[in-house]
Amino acid sequence: MASPASADSDQVLVEANGSTRTLILNRPRQLNALSSAMVRRLMKCFTSYEEDNAVKLLIVKGNGRAFCAGGDVVEIAQSINKDGWKYGADFFHTEFLLNYIIATYSKPQVSLLTGIVMGGGAGVSIHGTFRVATENTVFAMPDTLLGLFPDSGASYFLSRLPGFYGEYVGLTGARLDGAEMLACGLATHFVHLNRMSLLEESLKKVDTSDPFAICGIIDQFSQQPSLKGSSALNRLEIVDKCFSKRTVEEIISALEQEAPSLADEWVTVAIQSLRKASPTSLKISLASIREGRLQTVGECLRQEYRMICHVIRGDFSRDGFEGGRAMLVDKDRNPKWMPPSLGQVHDGVVEKYFSKVDDPHWEDLNLPARLSHGRRIVPRL
């Protein structure tokens, strides 16, 4: 049986090539969902390589058909049920600290986003310097359908997408392809799948931490893909008109008013997703993204840590556990949200999610002083 140390190592493999280190997320059967062992291992790698002058570039990729499908929600929920909310708080404390280290990292990171990129997978990639999407990339933050909210610093990067597109992506859990990721700024480059291995080999030969030099290498392999005609990015004026509304109820009403005059499938799918999602999740997610627009990445992560601690403690709702049960454990896909309607989720309750946890065993997310306040998101529209 593997020791805890080797288990950590097995789940994140490291390849050394000159001054480049390649971190490989290695739980392919679980779509590289982040376990506590993976988060610990990634934290150890990022912190040690930042101090190692022999390391100049980090590449992060996934083994198998996913980059990373998010945090291992089932493992986390089972551990909370067994060991109490403090286990979950410790997991997210380490994960969000890792997100912060990545967002403020002094050396370039290139994330090769082949396959699925969701939830916590976005947290270990979107905050990095370069994010390379391809034709099989599928990005989503499906948290509201699980009774959760977009975290891992999503309130920072979603709020910096064009107009109110971040609200659309965060509330509906919409799936974006690689071209859409590049267009909205979530990806910095698009490289065709059949050239990704050539790019990786070129990056392994670099002997510099100069982001302009590394960007130049990626540029040699990158393309400017066209958006599909059905993409919501082609209707940003409609997205902005609807998702700029003050409340979730008003957003849904605006979409329903637009739907009859539009033949666009994304509108219908958006309405259906919002109707299926946890009412509590929708309201706290909207508030989080709106707050995030005015915050640094550290402030966003600190805010999200308070929110996730309230969720895993079940302080105001048990929807996070119910969503995991319905979508990932029993898979009946029929969650019973409580409260069941948007009108029953009052503003006062939403505000409580942003407050400190009233428990002597709880501590706020303390982040070290760093030189950066987070990456710029640059749309290509």
For this session: Could you go through the side chain to side chain donor-acceptor pair (under 3.5 Å) check for Asp72 and Ser35 one step at a time?
Result: CA-CA 6 Å; Asp72 192 333; Ser35 65; over 6 Å; no
Practice task
For residues Arg27 and Leu25, determine if any side-chain heavy atom of one lies less than 4.5 Å from a side-chain heavy atom of the other.
Solution key: no
Interatomic distance, CZ@Arg306 vs CZ@Phe354, rounded to 0.5 Å, equals 10.5 Å
Working note: His127 + Asn99, criterion side chain to side chain donor-acceptor pair (under 3.5 Å); need CA distance, chi angles, decisive distance, verdict.
CA-CA 7 Å; His127 293 298; Asn99 299 149; 5.2 Å; no
One should read off an interatomic distance between Met38 CE and Cys45 SG, to the nearest 0.5 angstrom, of 11.0 Å
Self-check item: Greater than 12 external heavy atoms within 6.0 Å of Lys276's NZ
Solution: no
Take the angle between the ring planes of His93 and Tyr305 and call it parallel below 30°, perpendicular above 60°, tilted in between. perpendicular
ring-ring contact (aromatic ring centres under 6.0 Å, His included) test vs His310 passes for just one of Trp362, Phe316, Phe149, namely Phe316
TODO: Indicate if Met196 and Met181 have the same hydrophobic cluster label, given that clusters are the connected sets of ILVMFWY residues with side-chain heavy-atom separations under 4.5 angstrom.
DONE: no
field: Side-chain ion pair, Arg370 and Glu50, N-O less than 4.0 Å
entry: yes
Is it true that a side-chain atom of Arg380 and a backbone atom of Thr188 form a donor plus acceptor pair closer than 3.5 Å?
yes
Please lay out, stage by stage, how Gln303 and Ser288 fare under the test side chain to side chain donor-acceptor pair (under 3.5 Å).
CA-CA 8 Å; Gln303 165 185 285; Ser288 179; 3.2 Å; yes
Within 45 degrees of the axis of the six-membered ring of Tyr156 and under 6.0 Å from its centre: does Arg160 put its NZ or CZ there? yes
Checklist entry - Does the pair Leu23 and Phe46 meet the rule for a side chain to side chain contact (heavy atoms under 4.5 Å, CB included), with working shown? => result CA-CA 10 Å; Leu23 308 182; Phe46 272 93; 3.8 Å; yes
Measure from the side-chain N and O atoms of Tyr100 to the backbone N and O of Pro368, and report whether any donor-acceptor pair falls under 3.5 Å.
-> yes
Exercise for the section: Evaluate side chain to side chain contact (heavy atoms under 4.5 Å, CB included) for Leu112 paired with Thr134, printing each intermediate quantity in order. Expected result: CA-CA 8 Å; Leu112 305 178; Thr134 188; over 6 Å; no
Using a strict threshold of under 4.0 Å (side-chain N to carboxylate O), is an ion pair present between Arg293 and Glu167?
yes
Spell out, as yes or no, whether a donor-acceptor pair under 3.5 Å connects the side chain of Asp177 to the backbone of Glu135.
-> no
With clusters defined by side-chain heavy atoms of hydrophobic residues (ILVMFWY) lying less than 4.5 Å apart, directly or transitively, does Phe157 cluster with Leu286?
yes
With a 4.0 Å cut-off, would you call Lys61 and Glu15 a salt bridge?
no
Compare all side-chain heavy atoms of Val239 with those of Trp266 and state whether any distance is below 4.5 angstrom. yes
Inset, instruction - Return yes when atom CG of Asp358 has more than 12 non-hydrogen atoms of other residues, nucleotides or ligands closer than 6.0 Å, and no otherwise. - result: no
Would you say Cys215 and Phe130 make side-chain contact, with heavy atoms under 4.5 Å?
yes
Between Ser79 (side chain only) and Glu75 (backbone N and O only), is there a donor and an acceptor less than 3.5 Å apart? yes
Within the distance-only criterion (no hydrogens, no angle test), does the side chain of Ser355 pair as donor or acceptor with the backbone N or O of Glu351 below 3.5 angstrom? no
Here the gap from Leu371 atom CG to Thr104 atom OG1, rounded to the nearest 0.5 Å, amounts to 8.5 Å
Exercise for the section: Would you indicate whether the side-chain heavy atoms of Thr47 and Met43 approach each other to under 4.5 Å? Expected result: yes
Should Val110 and Phe190 be counted in the same cluster of Ile, Leu, Val, Met, Phe, Trp and Tyr side chains packed under 4.5 Å apart?
no
Tell me whether Ser285 contacts the main-chain N or O of Leu282 through its side chain, where contact means a donor paired with an acceptor under 3.5 Å.
no
query: So does Glu265 have more than 12 non-hydrogen atoms from other groups sitting under 6.0 Å from CD?
result: no
* **Any donor-acceptor pair under 3.5 Å from Asp143 side chain to Gly119 backbone** => no
Between Gln11 and Ala37, the two heavy atoms sitting closest are OE1-CB, 3.7 Å
Between the side chains of Lys352 and Asp315, is the shortest nitrogen-to-carboxylate-oxygen separation below 4.0 Å, so that they form an ion pair?
no
Excluding Trp337, membership of its hydrophobic cluster (Ile, Leu, Val, Met, Phe, Trp, Tyr; side-chain heavy atoms within less than 4.5 Å) reads none
What one should report as the nearest heavy-atom pair of Phe91 and Leu34 is CZ-O, 3.9 Å
Q: Keeping the roles fixed (side chain from Ser125, backbone from Arg131), state whether a donor-acceptor pair exists under 3.5 Å.
A: no
Q. Is the side chain of Asn234 donor-acceptor paired with the backbone N or O of Gly229 at a distance under 3.5 Å, no angle test?
A. yes
Closest heavy-atom pair, Ala287 versus Val350, reported as atoms and distance to 0.1 Å, is CB-CG1, 4.0 Å
d(Leu274 CG, Glu249 CD) to nearest 0.5 Å is 11.0 Å
### Query
Do Ile102 and Ile126 come within less than 4.5 Å of each other through their side chains, counting heavy atoms only?
no
Practice problem: Could you verify whether a donor N or O on one side chain and an acceptor N or O on the other, from Gln295 and Ser155, lie under 3.5 Å apart? | Solution: no
Note: Met327 and Lys331 closest approach over all heavy atoms is O-CG, 3.7 Å
Given Asp151 and Phe96, is the side chain to side chain contact (heavy atoms under 4.5 Å, CB included) satisfied, shown in steps? CA-CA 9 Å; Asp151 62 9; Phe96 290 4; 3.8 Å; yes
Checklist line | Flag side-chain contact, heavy atom, 4.5 Å: Val132 against Phe221 | finding: no
Shortest non-hydrogen pair, Thr280 vs Pro339, comes out as OG1-CD, 3.7 Å
Sequence neighbours excluded, the answer for salt bridge (charged side-chain N to carboxylate O under 4.0 Å, His left out) partners of Glu201 is Lys204
In terms of side-chain geometry, is the basic nitrogen of Glu322 or Arg325 positioned less than 4.0 Å from the acidic oxygen of its partner?
yes
| said: In terms of relative ring orientation, are Tyr165 and Tyr168 parallel, tilted or perpendicular, with 30° and 60° separating the classes? | reply: tilted
Q.
Using the rule that Ile, Leu, Val, Met, Phe, Trp and Tyr join whenever any side-chain heavy atoms are under 4.5 Å apart, tell me whether Leu193 and Ile217 fall into a single cluster.
A. no
Query raised in the report: Looking at side-chain heavy atoms only, is the closest gap between Lys107 and Lys56 below 4.5 Å?
Result: no
Item checked: Asp52/Arg21 salt bridge by N-O under 4.0 Å criterion -> no
| said: Contact between Ser317 and Tyr353 at the side-chain level, heavy atoms closer than 4.5 Å - yes or no? | reply: yes
Does atom CZ (Arg175) have a neighbourhood of more than 12 heavy atoms from anything else shown, all under 6.0 Å? no
**Request:** State whether the side chain of Thr137 and the backbone N or O of Leu113 hold a donor-acceptor pair below 3.5 Å, judged by distance alone.
**Result:** yes
In this structure, CG of Leu227 is separated from CG of Leu233 (nearest 0.5 Å) by 5.5 Å
* Asked: Does atom CD of Glu363 have more than 12 heavy-atom neighbours from other groups under 6.0 Å away?
  -> no
Closest non-hydrogen contact found for Gln109 with Thr129 is N-OG1, 3.0 Å
